[in-house]
Amino acid sequence: MALLPKSMRLLFLLLGVFLFQFGNAQEKWIPLDLQSRIALSQKKQNHVILAEYFLGKPYVANALSAENPEKLYLSLEDFDCVTFIENVMSLYHSKGQDSLYKKNLIHWRYAQPKDIRFETRNHYFSAAMEQLVKDQWILPIPTPEGKQIKKSFTFLSQFYRNKNKNISIPALEQVESQLRLNPFTYIPSINVSKVLSSFKEGDIVTFVSKRNDLDVQHTGFLTFRKSTFYVLHASQEVKKVCVSDKNLVEYLKSHPSFLGIQVFRPNFIK
């Protein structure tokens, strides 16, 4: 068989390089079955259907960058309690599109989406909630049983102060000082049973720490089962994504380090 002219061979070579680069640029994270689950959860306006897709996936702590340079960590195969919430909500609003999923995840995780650094990551979950409430991605659920306290928000800067990491401690302290400006409101554990009727399946629940220097210790979704609420979460204790074996009230009783909870409702209109 005759060889193609040199000019044609060059053309095909350039075309191959272009297609290779184009294919690599189209990053893929969302498999087809997950796209179908996203579509179903949006039709039902119930992201718990989407969250249940990940039941049994392993709990993995400290997967995000430990210092600068900050690398965006995207994984649908392992989670901690915060990345589970971030990923489910980012996928729900993605319409099954990889680029929109990535954009949403950055918005959930970073205070400055165009400036991804260790210091701009929302290490305090309450900082992420504050930002998302402001942007109307979520709505706080007020109750008459709420209580306000002051927290020092010093855990992060103190933890990294002597770690010899490529991290700006003054930048972390600035974030903490901003968090101290607003009152910290929560529902004491003893009062949660009185306000269960205010909650809905899919509400985001955060478990407030008794430590003065830390905001929350854990988070998950509320799921309604057996006539009451349970927690659908990435559990450090069970080492996987699961539904708590205890209902919300009993779960709080079994964790004496929790002061109470905060509850936020995802905004389906966004």
Donor + acceptor pair across side chains of N104, Y92 (<3.5 Å): no
Cluster check V208, I190: I/L/V/M/F/W/Y, side chain < 4.5 angstrom: no
side-chain contact (heavy atoms from CB on, under 4.5 Å) evaluation trace for T219 with F207: CA-CA 6 Å; T219 186; F207 296 91; 5.6 Å; no
Minimal non-hydrogen separation, S94 against I38, with atom names: OG-CD1, 4.0 Å
Side-chain (D135) to main-chain (W137) donor-acceptor, under 3.5 angstrom: no
Polar side-chain atom of H47 near backbone of M89 as donor-acceptor pair, under 3.5 Å: no
Parallel, tilted or perpendicular, as decided by the 30° and 60° cut-offs, for the rings of F258 and H255: parallel
Shared hydrophobic cluster for V263 and I204 (ILVMFWY, side-chain gaps under 4.5 Å): no
Any F221 side-chain heavy atom under 4.5 Å of F84 side chain: yes
Qualifying residue for side chain to side chain contact (heavy atoms under 4.5 Å, CB included) with I49, from K43, K44, Q42: K44
Flag if over 12 foreign heavy atoms under 6.0 Å of CG, N182: yes
Closest non-hydrogen atom pair, C81 against Y59: N-CE1, 3.8 Å
Residue pair S209 / K151: nearest heavy atoms and the distance that separates them: O-NZ, 2.8 Å
Plane angle bin for F79 and F54 - parallel if under 30°, tilted between 30 and 60°, otherwise perpendicular: perpendicular
N164 CG: over 12 foreign heavy atoms closer than 6.0 Å: no
Check: L64 main-chain N/O paired with R121 side-chain donor or acceptor under 3.5 Å: no
Common cluster, I138/F229, ILVMFWY with side-chain heavy-atom separation under 4.5 Å: no
Flag if over 12 foreign heavy atoms under 6.0 Å of CD1, I149: yes
Side chain proximity check, D33 to Y53, heavy atoms < 4.5 angstrom: yes
Main-chain N/O of P58 paired to K239 side chain as donor or acceptor, under 3.5 Å: no
Test item: E70 side-chain N/O and I116 main-chain N/O as donor-acceptor pair under 3.5 Å: no
N/O donor-acceptor pair under 3.5 Å between K150 side chain and R180 backbone: no
Test of ring centre spacing under 6.0 Å for Y160 and H123: no
Worked verdict on V216 versus Y124 for side-chain contact (heavy atoms from CB on, under 4.5 Å): CA-CA 8 Å; V216 301; Y124 289 101; over 6 Å; no
W108-L139 co-clustered via ILVMFWY side chain contacts under 4.5 Å: no
Where S126 and L179 come nearest, the two heavy atoms and their spacing: OG-CD2, 4.3 Å
Stepwise side-chain contact (heavy atoms from CB on, under 4.5 Å) test for L105 and W29: CA-CA 12 Å; L105 186 65; W29 296 290; over 6 Å; no
Any side-chain heavy-atom pair of L214 and F159 under 4.5 Å: no
With sequence neighbours excluded, residues passing side chain to side chain donor-acceptor pair (under 3.5 Å) with Y186: none
Heavy-atom neighbours of D115 CG exceed 12 at 6.0 Å: yes
Flag for Q158-D213: side-chain donor and acceptor within less than 3.5 Å: no
Parallel, tilted or perpendicular: ring planes of Y251 versus H218, cut at 30 and 60 degrees: tilted
SB check E52 R225 (cutoff 4.0 Å): yes
Test item: N191 and T143 side chains (from C-beta on) under 4.5 Å apart, heavy atoms: no
Ring centre gap for F264 and F125 strictly below 6.0 Å: no
Under 3.5 Å: donor-acceptor pair, side chain of Q131, backbone of H107: yes
In one Ile/Leu/Val/Met/Phe/Trp/Tyr side-chain cluster, 4.5 Å: L40, Y101: no
Minimum side-chain heavy-atom gap D245-V238 below 4.5 Å: no
Any donor-acceptor N/O pair, N247 side chain to T228 backbone, under 3.5 Å: no
Spacing of OG belonging to S157 relative to CD belonging to Q174, to within rounding of 0.5 Å: 11.5 Å
Step-by-step side-chain contact (heavy atoms from CB on, under 4.5 Å) determination, V192 to E145: CA-CA 8 Å; V192 169; E145 303 296 333; over 6 Å; no
Nearest atoms (heavy-atom pairs only) where H93 meets N267: CE1-O, 3.7 Å
Main-chain N/O of T83 paired to N87 side chain as donor or acceptor, under 3.5 Å: yes
Separation of I106 CD1 from L72 CG (nearest 0.5 Å): 5.0 Å
Partners meeting side-chain contact (heavy atoms from CB on, under 4.5 Å) with E67 (sequence neighbours left out): K165, N166, I167
Shortest non-hydrogen contact between C242 and L55, atoms and distance: CA-CD2, 3.7 Å
Any donor-acceptor pair under 3.5 Å from E119 side chain to P170 backbone: no
